[in-house]
Trainee: 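First the structure, which I've put down as C-alpha cells, then a few questions once you've had a look.
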Amino acid sequence: MLTKVCSGFSCQVNMQVLYMGIVNRAVRNISRRKIRASLVIIALSISLSIMISIPAGLMANQEAANDMANNLSSTITETGESITQALSQIDVTMSSRFAGYGFSPDATPTIIQGGQIPRDGQVLNPSNAPGFGDRYGGFRGGEISGQFGGALQASTPMNQELYSDISNINGVAAMLPSLEASDGSQEQTLEMMGRSFTTQIIDYTIKGIPLTSELLSSYNILPSNIVAGRNLRADETGVVLLSQNNSAFFSAKVGDTITIFDTDFIVVGIYEPSASTDNLILYMNLSDAQTITNNTGYITSLKIFTTSSEVVNTVVEEIRSLHPEVTVITGQERLNQLEYMQSRYNEAIESSQASIAATQATALQEIIVVVAATSLIVLFVMLYTVRERTKEIGTLKAIGFSNRAVMAQFILEGLLLSTIAGIIGVAIASFAAPTLSSLLLPSVQSSLGFTLSATGPIVAATTNPVTLSVELVLATLGGAMLLGVLGTLYPSWRAAKIRPAEAMRYE
Amino acid sequence: MNNPVLQIENLTKTYTLGKNPVNALTNLNLQVNRGEFIAIMGPSGSGKTTLLNVIGCIDKPTSGKVHLDNIDVTNTPENKLYKIRQDKMGFIFQSFNLLPYLNARENVELPLENKIKNKTERKKRASELLGLVGLSGRENHRPQRLSQGEQQRVAIARALANEPAIILADEPTGNLYSQNKQEIIKLLANLNLTRGTTIIMVTHDIQVANHTERMLLLKDGKIVTEKAGLHIAKKQSKCPHCNSSIKISDETCPTCKKALFETDEFFTT
C-alpha cells in the first residue's frame, strides 16, 4: 500500500502528486490572509500597471514622432515639387499679419491652419484661427496658393478692383483671383499626451475661382483627376466640384443638391485630390463664393501667372511699387522659405529624437524603480509570512518535508501572488495606460509641437493612442512572474533553513 | 524481547552558549525495543528535548552513535535526514501543530503525499487513520472546529500515517485538560498495545508517564533512574521501587513501604 522508495517512473508520479498538494496549499495560504493578500496584490498590480504603461507610452511616442517626421518630409517633398513646377507664378495677398509657418521670427505660437474666412465673413486672425485643417494639419499641399497662402491668407480680403492695374504690368500673362472660406461645425478637444487643444474641425473649404474660358483653357486651375461626373465648365454658377472627402461629408453624389452657406448647389463632379491634405476643398465659381460669404468684390488671394520665370522679378518689383501694402511671394522665394522650413523641421525632428532619448532614459529609471519596488514588496511580505509561519514550516519539516519542497511551496506562493497581480495590473493598464504614461513620461508630442511652434512652423501633432500590444502584455506577465520568483527566492531559502525543532517551540 | 528499534551509545551533545560549551547530553546510553512505550521525564534543562531531537533526526549528536531501525543516523548527512523523518518517524507535538487551513483528513494526508501516489487511496488511508483515533465523520473539519483533544487525535493519526518505526511525542498532553488528557494517553497506550507502535514520549506528568512501561528520569544529560510505570507495574503486580509483589488495591508497597501513587516521588529519587 505504501511506496517506500521513489525511483524511476514512480518518482515522477510522486512529484506530480506533491506539486498538486503544493498548489492547493499555496492557494489556501494566500486566501488565508485575505486583507494582506489583497493589499499586496493591489500594490503589486499598481506597480505592474505602471511597468506596462511606460513602454506602451514610449512606443506611442516613438510612433507619433515617426509619423510626424514622415508626414513632414512627404509634405515638404510634395510642396517642393509643386513649387518647382510653377516658378513663374506670383502670389499676392494683403497680409494683416504675417502668421503661421514661421517665416517671421515673432510668429505667434498658435496652431493655425489659417487663411480661410469663416462663414460669418469675419477675417480670421491667428488668435481665433480655426486650428488644424485636418489631423495632420499644417500644410495644404497641392496648389501653390494653398500651401503657403494658407497662412498668409490670414489676411484682409482684397478688393479685386484695386488690382486691375496689375494686369497691365508687362510680363503678366494672367491673374487668378480666388476666395477661400471654411465651414466647421464642431469643436474638438484633442488630447495629446495629457495636454489638450481645442480646435475647430473644418468640415470643408470652399474655393471660388473665376471660371473664365481663357483661364480654364490656358492654366490648370481646377483639379484634373475627376472620378465621377465632370469638371466645372466656363461661366457656370450654382454648381460645385466636390472632393471625395466632401462627397462623403455631404453624402452627396453627382447630380445631388447640397446646401453650402445656406445656398443650394448642384454637384456636377467629384475629384480625387492630388495631395491628401487637399481633400477638404470644394470648387465653385468665384462669384458664387463671393455671394454666399457676403464678400462680393473681395478675394483672399491673387495668383499671377507670368509669361516666363525670367520676368518674375521685374513683375514683382512693379507690383510692390504700385501696391506697397500687399504681400508678394514668388515661387523662388517660396523655395527659399521651404529650405528654411526644412531646416526648421529637421531641427524639430532632431529635438524630438533627443526628447525621445531623454524619455527613454527617464523610462528606464522609472522601470528600475518599479521593478525594485515590486520585488521588495514581494520580498518583505514573504519574509514576514515566513516568520509568521515558522512553526508551521518546522512541523512540515519534522514530518518529512524536504528543504526543496518547503522552498517550492513559498516560491509558488510568491509566483501565484505576482501572477494574479500581473493579470490585474494588465487589466488596470488596459484603460489607465495613457494616463499613467503621460504622468510618468515627458511628452514627446507636446514637446515636438511646442518646439515647432516656438520657432515658427506649427504642425499639428499626430496623436498615437497608447495601446498594449500582445507582446507587451505577455512580457509584463512574464516579468511579474519573474519578479515574484526573485522576490521570494530569499524568503523561501530562509523558510527552507528553518529547523524542524521550531515545531517544538511553545509560546 | 531483544529487537531494538533504537540504540544509543555514548551519546554526547554539546551546545556552545556564548563561549562556554554546555553538555546537554553526556555519554547517554539507551536501547529501545520494538513495541515499547517509554516516557522520558526530568526537570527543565535536563536534556529531554535534546534527546528527543537527536532521536527524531532533528539534531545531530556531537559524538556517539544512534542506530534507528538499523540505520546509522549519525553518519547520515544533514540534507538526507528529512528522508529518515519521512520514513521512520512520527511526531506528536504539545500544541498539535496541525495546519489550520487544511481539514483533518488533509492534515493526515501530509506525510503520505509522496508515499501514496493515488489520491483516492491516500484519502481512504487518511480516513481509516482518523477512524482509528475515533474521529470518523470529522474528516472535513478544520482544526478550529475541533476540540483540543480532537486536534491531538488528528495529530496522532498524522503521526501514524507513514507507519513509523518510532512515534516521538513531545508533551502530548501538555496542552490538554484532564478529561482529554486521559483520553489521549489511553489512545496512545492502546495503539502501543494493539498495534505494537513504539512510542517515546517526553512528559512532565507522572500520571501520564505511569501509563508507560518504562519511565526514564533524565538529569544533567544522563539517565539517572529507570522504572516501570505504575499502571504497568500494577498490571504486573510488581512494586516499581523494589520489585516485590504488590496487590492492585495497595496504596503503599508492603515490602519497601514506598507510596505507589506518590506522583512527585519519581523526581526526587
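Letters A, B, ... are given to chains in the order of the sequence lines, protein chains preceding strands, and every chain is numbered from 1.
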Trainee: Of all the heavy-atom pairs spanning Q152(B) and I184(B), show the shortest one and how long it is.
Mentor: CB-CD1, 3.9 Å
Trainee: Within residues 486-499 of chain A, which positions have a heavy-atom distance to chain B below 4.5 Å?
Mentor: R499(A)
Trainee: Tell me, for L102(B) versus chain A, whether the close heavy atoms (under 4.5 Å) come from the side chain, the backbone, both or neither.
Mentor: both
Trainee: Compile the donor-acceptor pairs under 3.5 Å between side chains in residues 369-384 of chain A and protein atoms, sequence neighbours left out, one pair per line.
Mentor:
unit_1: T374(A); atom_1: OG1; unit_2: V370(A); atom_2: O; d: 2.6
unit_1: S375(A); atom_1: OG; unit_2: V371(A); atom_2: O; d: 2.7

Trainee: Salt-bridged, E413(A) to R32(A), with N to O below 4.0 Å?
Mentor: no
Trainee: Are T197(B) and N192(B) linked by a side-chain donor-acceptor pair shorter than 3.5 Å?
Mentor: no
Trainee: For chain A, find its close neighbours in residues 61-68 of chain B: heavy-atom separation under 4.5 Å, sorted by number, or none.
Mentor: none
Trainee: In terms of side-chain heavy atoms, does K391(A) have a donor or acceptor partner in S95(B) at a distance below 3.5 Å?
Mentor: yes
Trainee: Under the side chain to side chain contact (heavy atoms under 4.5 Å, CB included) rule, what do K397(A) and Y82(B) come out as? Steps first, then yes or no, please.
Mentor: CA-CA 7 Å; K397(A) 295 193 72 176; Y82(B) 82 92; over 6 Å; no
Trainee: Let me confirm one number: the OG-CD1 distance from S47(A) to I52(A), rounded to the nearest 0.5 Å.
Mentor: 13.0 Å
Trainee: Given heavy-atom pairs under 4.5 angstrom as the criterion, report whether the side chain, backbone, both or neither of Y101(B) touches chain A.
Mentor: both
Trainee: Where does P100(B) contact chain A at under 4.5 Å (heavy atoms): side chain, backbone, both or neither?
Mentor: side chain
Trainee: Check this for me: does any side-chain nitrogen of one of K115(B) and E163(B) sit under 4.0 Å from a carboxylate oxygen of the other?
Mentor: no
Trainee: With a 4.5 angstrom heavy-atom cut-off, is it the side chain or the backbone of E109(B) that approaches chain A, or both, or neither?
Mentor: neither
Trainee: Going by the salt bridge (charged side-chain N to carboxylate O under 4.0 Å, His left out) test, which pairs reach into residues 147-156 of chain B, not counting sequence neighbours?
Mentor: R138(B)-E150(B), R153(B)-E183(B)
Trainee: Say you draw a straight line from CD of Q94(B) to OG1 of T173(B); how long is it, rounded to the nearest 0.5 Å?
Mentor: 8.5 Å
Trainee: Ignoring hydrogens and geometry beyond distance, is a side-chain donor-acceptor pair present between N180(B) and Q148(B) at under 3.5 Å?
Mentor: no
